[in-house]
Amino acid sequence: MKILDHLEEWIIGLMLAAMTALTFLQVVMRYVFNSGFSWALELTTVFFSFMIFVGISYGVRVGSHIGVDALVKMMGHTARRNVSILAVLLSLLYVGLVLTGASTYVLKMKEVGIEFEDMPIERWQVLIIMPLGFLLTGWRFMQILIGLITGKTDSLRLADEAAEAMRLKSEESQS
């Protein structure tokens, strides 16, 4: 279960490393050997798309998505918990809608059988990251929902940009 706790970090790290290595190799090939790979840009885009769709789930897990919670923070424990449960349920509804749409799109792309321009890979084989990413996002929201229902937490964790800005300003003034 510990591997699943950090699944997103591993995938994002691997994709970033592969993207960086491929881009570096392409630059060396182009400027040193006056050559290159025709498929490098397309594969780099694939790695980037994996980072995006897995990154959505990562943001949910670590609470780095931005939200407007000023009113929620003023509420009492029970009200804050209830509003957070409602927010998670609405988020799960949204994830379900996008998951359904993404799955339909991927299945249509599989039927059509279109390949990438520079790589002999059918597009659906890469586009499958869309429903998989949202499935993982749904899993993370379910974990939050379980924490809220069982009382392990009383609110949805969101990024607090104001507190972060104040912390950075304080650190700058101390330097």
Side-chain angles (χ1 to χ4, degrees), residues 1-68 91-92 94-144 157-175:
M1 200 62 176
K2 288 291 182 190
I3 292 174
L4 286 178
D5 289 345
H6 300 285
L7 179 64
E8 295 95 340
E9 285 128 336
W10 282 100
I11 294 171
I12 292 169
L14 181 65
M15 293 297 113
L16 184 60
M19 199 168 85
T20 303
L22 180 58
T23 302
F24 175 77
L25 184 60
Q26 179 71 352
V27 168
V28 169
M29 292 294 292
R30 181 161 294 158
Y31 291 105
V32 175
F33 300 106
N34 202 23
S35 174
F37 307 112
S38 62
W39 44 264
L41 179 61
E42 204 163 53
L43 187 56
T44 301
T45 305
V46 168
F47 292 150
F48 190 67
S49 65
F50 271 68
M51 287 174 39
I52 289 169
F53 286 102
V54 173
I56 296 168
S57 172
Y58 175 75
V60 170
R61 186 176 66 80
V62 300
S64 64
H65 287 292
I66 298 170
V68 180
S91 297
L92 281 168
Y94 174 76
V95 166
L97 290 171
V98 175
L99 180 61
T100 302
S103 299
T104 302
Y105 179 66
V106 171
L107 289 172
K108 292 285 184 193
M109 291 301 285
K110 185 177 180 183
E111 283 178 28
V112 175
I114 298 173
E115 288 187 350
F116 279 98
E117 290 180 30
D118 298 323
M119 296 186 302
I121 299 171
E122 289 189 16
R123 286 187 180 271
W124 74 268
Q125 293 171 325
V126 173
L127 293 174
I128 200 147
I129 190 57
M130 292 187 311
L132 290 177
F134 277 96
L135 199 60
L136 190 55
T137 302
W139 167 253
R140 294 305 183 188
F141 273 122
M142 286 301 295
Q143 289 176 318
I144 293 169
R157 221 169 82 191
L158 297 169
D160 192 344
E161 288 193 4
E164 181 67 15
M166 295 300 290
R167 186 186 62 79
L168 289 174
K169 188 70 173 168
S170 173
E171 288 175 3
E172 285 176 5
S173 65
Q174 292 176 359
S175 310

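As the structure is a prediction and not an experimental result, all values here were calculated from the model.
Considering CE of M19 and CG of L14, their distance stands at 12.0 Å, rounded to 0.5 Å. Atom CG in L41 sits 10.5 Å away from atom CD in E117 (nearest 0.5 Å). We find the CG-CD1 distance between L92 and I144 to be 9.0 Å, quoted to the nearest 0.5 Å. One finds the CZ atom of F48 at 14.0 Å from the CG atom of L43 (value rounded to the nearest 0.5 Å). Between the CZ atom of F134 and the CZ atom of F141 there is a distance of 9.5 Å, given to the nearest 0.5 Å. Note that CZ of F47 is 14.0 Å distant from CD1 of I52, once rounded to the nearest 0.5 Å.
Sparse packing is recorded around CE of M142, with 12 or fewer heavy atoms of other residues, nucleotides or ligands lying under 6.0 Å away.
The two residues S57 and E8 have their closest heavy-atom pair at OG-OE2, 2.6 Å. Here the closest non-hydrogen pair linking A102 and M130 is CB-CB, 3.9 Å. Heavy atoms only, all atoms of each residue included: V126 and S49 are closest at CG1-OG, 4.5 Å. For the residue pair E122 and F116, the shortest heavy atom distance occurs at O-CE1, 4.3 Å. Nearest approach of K110 to W124, heavy atoms of both residues: CA-CD1, 3.5 Å. W39 and L22 make their closest contact through CZ3-CD1, 3.8 Å (heavy atoms, listed as atom of the first residue, atom of the second, distance).
Here the side chains of I12 and F50 are not in contact, with every heavy-atom distance at 4.5 Å or above. For the pair V46 and M119, the minimum side-chain heavy-atom distance is below 4.5 Å. Side-chain contact between E115 and R123: absent, with no pair of heavy atoms (C-beta onward) separated by less than 4.5 Å. When side chains are defined from C-beta on, T100 does not count as touching Y105, because their heavy atoms never get closer than 4.5 Å. The shortest side-chain heavy-atom distance between M109 and Q125 does not fall under the 4.5 Å cut-off. Contact of the F53 side chain with the L136 side chain is not registered, since no non-hydrogen atoms from C-beta on lie closer than 4.5 Å.
Looking at L132, L127, I129 one by one, the single match for side-chain contact (heavy atoms from CB on, under 4.5 Å) with V106 turns out to be L127.
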